[in-house]
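Each remark here refers to the structure printed beneath this line.
Order of the sequence lines fixes the chain letters, A, B, ..., with proteins taken first and strands second; residue numbering starts at 1 for each chain.
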Amino acid sequence: MASPTHAALAHDDAPPELRHHFPDLAKQREASSLGMWVFLVTEVLFFGGMFLAYAIYRETHRRAFEGASNLLDLKLGATNTIVLIVSSLTMALAVWASGRSRKNATVLFLVLTMLLGATFLGIKYVEYKQKFERHEVPGPHFVVPQDEETHQPLPRQSEMFFSLYFCMTGLHAIHMIIGLGLVSWLVVRARRGEFSERYNTPVDMVGLYWHFVDIIWIYLFPLLYLLGRHTL
Amino acid sequence: MSTSEPVPAVRPARPDYLNASYGVRSWLLTSDHKRIAILYLITVTFFFAIGGVAAALVRLELLTPAGDVFQAETYNKIFTTHGIMMVFFFLIPAIPAVLGNFLVPLMIGAKDLAFPRINLLSWYLLVIGGLIALWALIHGGLDTGWTFYTPYSTVYSNGWVVVTAVGIFIAGFSSILTGLNFIVTLHTMRAPGMTWTRMPLFCWGMYATAIIQILGTPVIAITLLLVGAERLFHLGIFDPAQGGDPVLFQHLFWFYSHPAVYIMILPAMAVISELVTAFSRKPIFGYKFIAGSSIAIAALSFLVWGHHMFVSGQSVYAGLVFSILSFMVAIPSAIKVFNWTATLYKGSVSYQTPLLYALGFIGLFTFGGLTGLFLASLGLDIHVHDTYFIVAHFHYIMVGGTIMAYLGGMHYWWPKISGKLYPEYWSRVSAWVIFIGFNLTFFPQFIVGYLGMPRRYHQYPEEFQVLNVMSTAGASILGIGYLIPLVYFIWSMRYGKDAADNPWGATGLEWQTPSPPPTENFVETPVVSGRPYDYATGREEVALG
Amino acid sequence: MHFLPEEASSFAGHVDALYLFLILVTAFFSLLIGTLVVVFAIRYRRKSPDEIATDVHESGALEIIWTVIPFGLTIVMFFWGASVYFRITRPPTNAIDVYVTAKQWMWKLQHADGHREMNELHVPIGQPVRLTMASEDVIHSFYVPAFRFKRDVVPGRFSVAWFQATKPGKYHLFCAEYCGTRHSNMIGWVYAMTPADYQAWLAGGNPGESLAAAGAKRFVENACNTCHGDVPGARGPSLAGVYGHAVRLSNGQTVIADEAYLRESIVNPQAKLVAGYPTIMPTFQGLIGEEGLLQLIAYIKSLSPPAPAGAAAASPAPAPAPTPERKASRP
C-alpha cells in the first residue's frame, strides 16, 4: 500500500527556522497556528467552568450579586477595557509590521502593547487594593458590605460574588502576566531581527493569545461590572 | 544522519532510536517521540505499581467483615491513593502517552509529532504532577476518594487536598498538551496519500481521545483549582454554609470525569481494532463505522455526565434526558463490538498473545458495557448507585477493557519498540492468568453490589464475606498475572530474540520501517496509495517498502 | 447464597423485574459475542503461515441491523427504567412523615409525634413513609437495599423522598455516599412492622414533645412571631395555611410553598421575597441548626389544614403520573 519516494528532502538549504520534522515552513506555520487555536479552545473551557458557576449563582443569589456588583469601580473597569482594546490594536499592528519585515515598527508596537498591558495590571492593582481596604476580600476579614442605595447590609452571599470576582479577574490577570512575559520575549527576538516576511509565526501566535485574553475581559467586564447595575 | 544511504543488512551497524545516543541526558532532553514514549512507559508502570499495591491492601482489608487490618482512616487513604494513581496517572496517560506517542507518527508516516518539545514538556508535567500527588498521598494522606466531593473535601477532610489537587492540575496540562499535539499532528503531518479514510483506526481512536482531552481536562483543572482555593481562602463556592452548592461541584467534576472514562476506553478500542485485523490477516470489517463510532462516542461522552447524579436530587426531567443519552452511548460501542467480531469471520486467525488479549477484551468489554445499561436505567440505578455493582462495572471497563487492550498492544508492538521478541509461552500463560484472575476478582462484586454493599466501606456486614473472599482471592491471582509480563518484558530486552521488521506480517506503515525504527522513523517519507489493512492485495507492495 | 436482597418495599419487585430483564439481555449478548468469537477463532484458524484471509469487509445491511437492534433495546430499557423511576419518585398522598438529620456519622430520625430514634427507624408496613432529610455537614445517602431505596442527603437543602415497606422485618440502613473516616459505621436498621405492632411501638416509650410543638417554641425563641404574628398590618406575611399553596413573589413569579421554599426563606430570606413585603428579614443561616429548621417547618406545616391534593403538589418531585398508575400505587 505504500512506496517510498523522494519526498524526504534534505534540509541542507532549509531556512534556519524550519524544524527538522516539517517538510516546509508553510506546513510548520499551519501546525503552529492550528496548535494555538486548539490551545485557545482549551482556555475557553478553562474559564468556562467559572463562567458557569457565576451564571448559576448570579441567578440563585440575584440580590446579593447585583448589590455587590454595584460596589465595583465602574470607572476603573471601563478604563481598563479601553486600555485592553487599544493594546489589541497595537498587538495587531505588531503582527502586521513583523510580517512586512519592519523591525523598528515591530519593536515599537510590541513595547506599546507591553506598556498598555502593564497599565491594565496597575489599574487592577489599585482596584484590588481598594477591595482589601474595604474588607471586601473573602475570608476571615470579610465584612458584609452595605447596599449603596438602601444602606442596608447585603445578603451574605455577596461574599461569594467577591470570591468569584477575585477568581475570575485573578485568573485573567495571571494570563495577562504570562502574556507580558511572552511579548517581552518577542521584543528580544524582534530586536535581533528574527522576524521577517518569511517567518513571523511567534508574533502571530502570541498575538492570537493576546487577543484571546482581551476577549475574556470583554466578557468579564459586563458580567461583573455592568449587569444589573443601577448606579453609575 | 544522511537519508540517502541504503539500509545496511547487518543489524549491529543499523542506527536506531535506542542506540542513536547514550546517557541519561540524551533521554531526559530528548525530543524523539519514541524515546518520550519509553519515558512514559517507565513512568506509568511506576504509578500503576503504586496503585496496584494500594488495591492489594484494599482487598486485604476486605477479606474480613471487621475493619481489622487498618484503621478506618488509613483504609480511606489507601483507596483514595488507589483511585487517584490509577485514574489520573495510569489509565488516562497509559495508552495515548505510551503507545499513541510511539505509534501515531509512525502510522501516518511522519518524522515526529508536530511539537516535539511540547511532547517532552507533557512528560515532565506528568512526572512532576504525579510525584507531587504521590508525596501528598503518602506523606500527608488524603481521604476524600478520587472524586473530591464537596463539602467533604473543602471543609471537613483533614487530608492534603490542596497539594494533591495541585498535582492533578499539573498532570492535567500534560494530558491537554498530549491531546493538542495529536490533533495537530493528525491534521498536518500525514504522509502524502494518507487521506483521513486511509488512516489506521488506531489514529482515529487517538483523534477522538484527543478531542476529549482538550475539551474536558480544562474543566477538571479549574474545578480542582476552585476546590483548592476554597479550602485555602474559604471562598464558599461549593460550601452550602455560604450559599454555595455542593452539587455544582459534582456537575463540573463529572463534566470532565465522565468523558475521562472515554479517554481511557477509546484508545483501548483503537488498539483492539488494530489487533483484530492483524491477527485475522483481513481488512477490518466496517472501517468507516468503527472510525465514525469513535467520534460519536467522543461527542456523546460530553452529554451524559448527569447519570452520576440520579440520586443527588437533580430534577426528574434532567434525569430522563441524561438516562436516554447514556443509553445512546451504548450504540456506537455495540457497533464496534459487532464489527470486530465480523472481522474474525472468514479470517486467517492466529492465536498469538496479542489476539488472546484482544479476544479477552471483546468479551469483558461487552459484558462490562452491558452492565453499564443497568446504571443508565433510572429506576435500577437508584438501587445500585454507589454500591459494589458500580465498582464491578467500571473495573470491567477499566481493567478488563483498558488494561487488557494496553497489554495486548504492548505485546503487539513490543518487537517494534524494543526490537526484541518476548517469550511466547509465558506471555500466553500470563494472558490466561490475568483473564481468570480478573473475572474472579470483579464478577463477585456485581452480586455483592446488588445485594446492597456500599462502596468505600471499611467494614461490612458478615453476609457479604463469601463474595469478598472470592474477590480477594481473584485479586491475588490477578496481581501475579501482572507481574509475569513485567518480568519477561525486562528479560527480553537483554535475552530476547531479535525481532524482524514485520514479525506479524501486518500492514501499516509502522511495520515497514526497521525494528526498532531509526530516529527519523523512515529512511524515506512513505507515500500511501491504498486503503488500510489491505491484506488481500497490498502485501506485495508492502514488501517493496 | 442469595443473589437478590429481600424484596420489602412496594417498588422492590419492579426494580428486580427490570434487573432480571437486563440480566437476560446481558447474558444473551455476552453469550452471542462470546460464542461467535470462539467459533470464528476456531473455524477460521490459520492453517498455513502464508494463508491470506477472504476479503470480506463491508456490509451496509449488517451495520444497519446491529445499529437498529441495540437502539430498539435501549429504548425499551429507557422507558422501563423511567417508569420504575416515576414509581419511586412519585409522591404518595397519605404518607406519614419522618424527619431525618444526617451527620458524621449517625442518623437521627424524628417522628411527627415526637418519637426520636438513633440509627434505627420503625415504620409500619402498607403505608407510605415520607422522609424529609437534612445534613448537618457533608453529603450522606440514605440507603435501604431491601427497599431498593436510596437518596442523597445534601447539606444546604432538604431531600424529600418516600418508600412503602411491604414485609415485616429488620433491614439494613446504610450510608451510601462516602462521608469521611467512619463512613462504614454510619449504618443502622429499619424495622418494618405490622400496623398493630407499630401502634404498640408508638404507644410504648415517651414520645416527648411533638415536632410541631418544638417548632412552635423555636418560633417564639427566634422572635419569628413578632413579624409573622398573623395580625393585620404585620411586617411579615402570615404563615397560616401557607404550606402547600402558591405564593406570589416580589418579582411577579409564583412558587408553591413546599419544604424547600420554607427552608430557603428562613436561611436566605431575600432570595424569593413575598410580594408586598419589605426586605427586612435577617438571615438565619448558621443560627438555626438543621434539626431546628425541621422543627420550624413541621410547625409551619401544622398551621395548614391537611389537604391531600395540596400536599401532593407541594412535594418537590414533579408528579406527571398518569392516573391509572397512581391508583395502582395506593395501598
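Considering OG of C/Ser184 and CE of B/Met453, their distance stands at 9.0 Å, rounded to 0.5 Å. One distance of note links NE2 of C/His172 with CZ of B/Phe464; it measures 5.5 Å at 0.5 Å rounding. Going from atom CE of B/Met328 over to atom CZ of C/Phe78 covers 8.5 Å, rounded to the nearest 0.5 Å. Interatomic distance, C/Arg46 CZ to B/Arg281 CZ, rounded to the nearest 0.5 Å: 3.5 Å. For the atom pair NZ (C/Lys150) and CG (B/Asp386), the distance works out to 6.5 Å, reported to the nearest 0.5 Å. Here the straight-line distance linking atom OG1 of B/Thr150 with atom CD1 of C/Ile139 works out to 5.5 Å at 0.5 Å rounding.
Remark: the backbone N or O of C/Thr181 is paired with a side-chain donor or acceptor of B/Asn76 at under 3.5 angstrom.
For B/Pro240 against C/Gly156, the heavy-atom pair with the smallest separation is CB-CA, 3.7 Å. Minimum heavy-atom separation, C/Ala82 to B/Leu378: CA-CD1, 4.2 Å. When every heavy atom of B/Pro246 is checked against every heavy atom of C/Pro155, the shortest pair comes out as CG-O, 4.0 Å. Minimum interatomic distance between C/Ala176 and B/Pro454 (heavy atoms only, all atoms of both residues): CA-CB, 4.3 Å. For the pair B/Val311 and C/Arg151, the tightest heavy-atom approach, listed with the atom from each and the gap, is O-CD, 3.5 Å. Between C/Trp66 and B/Ala342, the shortest heavy-atom distance links the atoms CH2-CB, 3.8 Å.
Only the backbone of B/Thr144 comes within less than 4.5 Å of a heavy atom of chain C; no side-chain atom from C-beta onward does. Only the side chain of B/Asp245 comes within less than 4.5 Å of a heavy atom in chain C; its backbone stays farther off. With a 4.5 Å cut-off on non-hydrogen atoms, C/Glu264 does not touch chain B at all. The part of B/Ile284 that comes within reach of chain C is its backbone (N, CA, C, O), which places non-hydrogen atoms under 4.5 angstrom from that chain. Of the two parts of C/His14, neither the backbone nor the side chain holds a non-hydrogen atom closer than 4.5 Å to a non-hydrogen atom of chain B. Of the two parts of B/Ser280, only the backbone, made up of N, CA, C and O, holds a non-hydrogen atom closer than 4.5 Å to a non-hydrogen atom of chain C. Heavy-atom distances place both the backbone and the side chain of B/Tyr345 under 4.5 Å from chain C. Contact annotation for C/Ser159: neither backbone nor side-chain heavy atoms come within less than 4.5 Å of a heavy atom of chain B. Looking at C/Cys179, only its backbone comes within 4.5 Å of chain B, counting heavy atoms on both sides. Residue C/Phe174 touches chain B through both its backbone and its side chain, counting heavy-atom pairs closer than 4.5 Å. The contact between B/Val384 and chain C is made entirely by backbone atoms, counting heavy-atom distances below 4.5 Å. Of the atoms belonging to C/Ile88, it is side-chain heavy atoms, and not backbone ones, that fall under 4.5 Å from chain B. Within the 4.5 angstrom heavy-atom criterion, only side-chain atoms of B/Ala334, from C-beta onward, approach chain C. With a 4.5 Å cut-off on non-hydrogen atoms, B/Phe365 does not touch chain C at all. With a threshold of 4.5 angstrom between heavy atoms, B/Phe279 approaches chain C through N, CA, C or O but not through any side-chain atom. Contacts of C/Val154 with chain B are made by side-chain atoms alone, with heavy-atom separations under 4.5 Å and no backbone atom involved. Heavy atoms closer than 4.5 Å to chain B are found in the side chain of C/Gln104, but not in its backbone. For B/Gln71, no part lies under 4.5 angstrom from a heavy atom of chain C. Looking at C/Arg43, neither its backbone nor its side chain comes within 4.5 Å of chain B, counting heavy atoms on both sides.
Contact count against chain B (heavy-atom pairs under 4.5 Å) is highest for C/Met77 among C/Glu58, C/Met77, C/Glu6, C/Lys47. Considering only heavy-atom pairs separated by less than 4.5 Å from chain B, the leading option among C/Val15, C/Thr26, C/Leu4 is C/Thr26. Ranking B/Ser377, B/Ala330, B/Ser312, B/Gly145 against chain C, the residue ahead of the rest is B/Ser312, based on heavy-atom pairs under 4.5 Å. Residue with the most contacts toward chain B among C/Val84, C/Val138, C/Leu36, C/Val153: C/Val138 (heavy-atom pairs, distance under 4.5 Å). Ranked by heavy-atom pairs shorter than 4.5 Å toward chain B, the options C/Val38, C/Leu73, C/Ile42, C/Ile69 are led by C/Ile42. Your options are B/Tyr351, B/Tyr149, B/Tyr460, and the one with the most heavy-atom pairs under 4.5 Å with chain C is B/Tyr351.
For B/Tyr156, the OH atom counts as densely surrounded, since its 6.0 Å shell holds more than 12 non-hydrogen atoms of other residues, nucleotides or ligands. By the 6.0 Å contact criterion, CZ on C/Phe71 is open, its count of non-hydrogen atoms from other residues, nucleotides or ligands being 12 or less. Other residues, nucleotides and ligands contribute more than 12 heavy atoms inside 6.0 Å of the CD atom of B/Gln459.
Separation of the C/Phe149 and B/His383 ring centroids does not fall under the 6.0 Å cut-off. Between C/Phe79 and B/Phe327, the distance separating the two ring centers is not shorter than 6.0 angstrom. For B/Phe367 and C/Phe29, the ring centers sit 6.0 Å or farther from each other. Aromatic pair C/Tyr19/B/Phe374: centroids less than 6.0 angstrom apart.
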>> Could you walk me through whether C/His183 and B/Tyr457 satisfy the side chain to side chain contact (heavy atoms under 4.5 Å, CB included) test, starting with their C-alpha distance in whole Å, then the side-chain angles of each, then the deciding distance to 0.1 Å, before giving a yes or no?
In response: CA-CA 7 Å; C/His183 169 52; B/Tyr457 261 32; 3.2 Å; yes
> When you look at B/Phe289 and C/Thr67, which way does the side chain to side chain contact (heavy atoms under 4.5 Å, CB included) test go after all the steps?
Replying inline: CA-CA 10 Å; B/Phe289 290 88; C/Thr67 306; 5.5 Å; no
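With contacts defined as side-chain heavy-atom distances shorter than 4.5 Å, the pair B/Thr371/C/Leu22 does not qualify. Side-chain atoms of C/Tyr85 and B/Ser323, non-hydrogen and from C-beta on, never get closer than 4.5 Å to each other. For the pair B/Leu380 and C/Arg148, the minimum side-chain heavy-atom distance is 4.5 Å or more. Annotation: side chain of C/Phe40 is not in contact with side chain of B/Val349 (no heavy-atom distance under 4.5 Å). Side-chain contact between B/Asn339 and C/Glu63: present, with at least one pair of heavy atoms (C-beta onward) separated by less than 4.5 Å. Side-chain contact check for B/Phe79 versus C/Tyr178: some heavy-atom pair is nearer than 4.5 Å. For the pair B/Leu320 and C/Phe86, the minimum side-chain heavy-atom distance is below 4.5 Å.
Side-chain contact, C/Asp16 with B/Tyr450: a donor N or O sits under 3.5 Å from an acceptor N or O.
Considering only residues two or more places apart in sequence or on other chains, B/His385 meets the ring-ring contact (aromatic ring centres under 6.0 Å, His included) condition with none of them. Listed by chain and residue number, nothing satisfies the ring-ring contact (aromatic ring centres under 6.0 Å, His included) test with B/Phe310 (two or more places apart in sequence, or in another chain).
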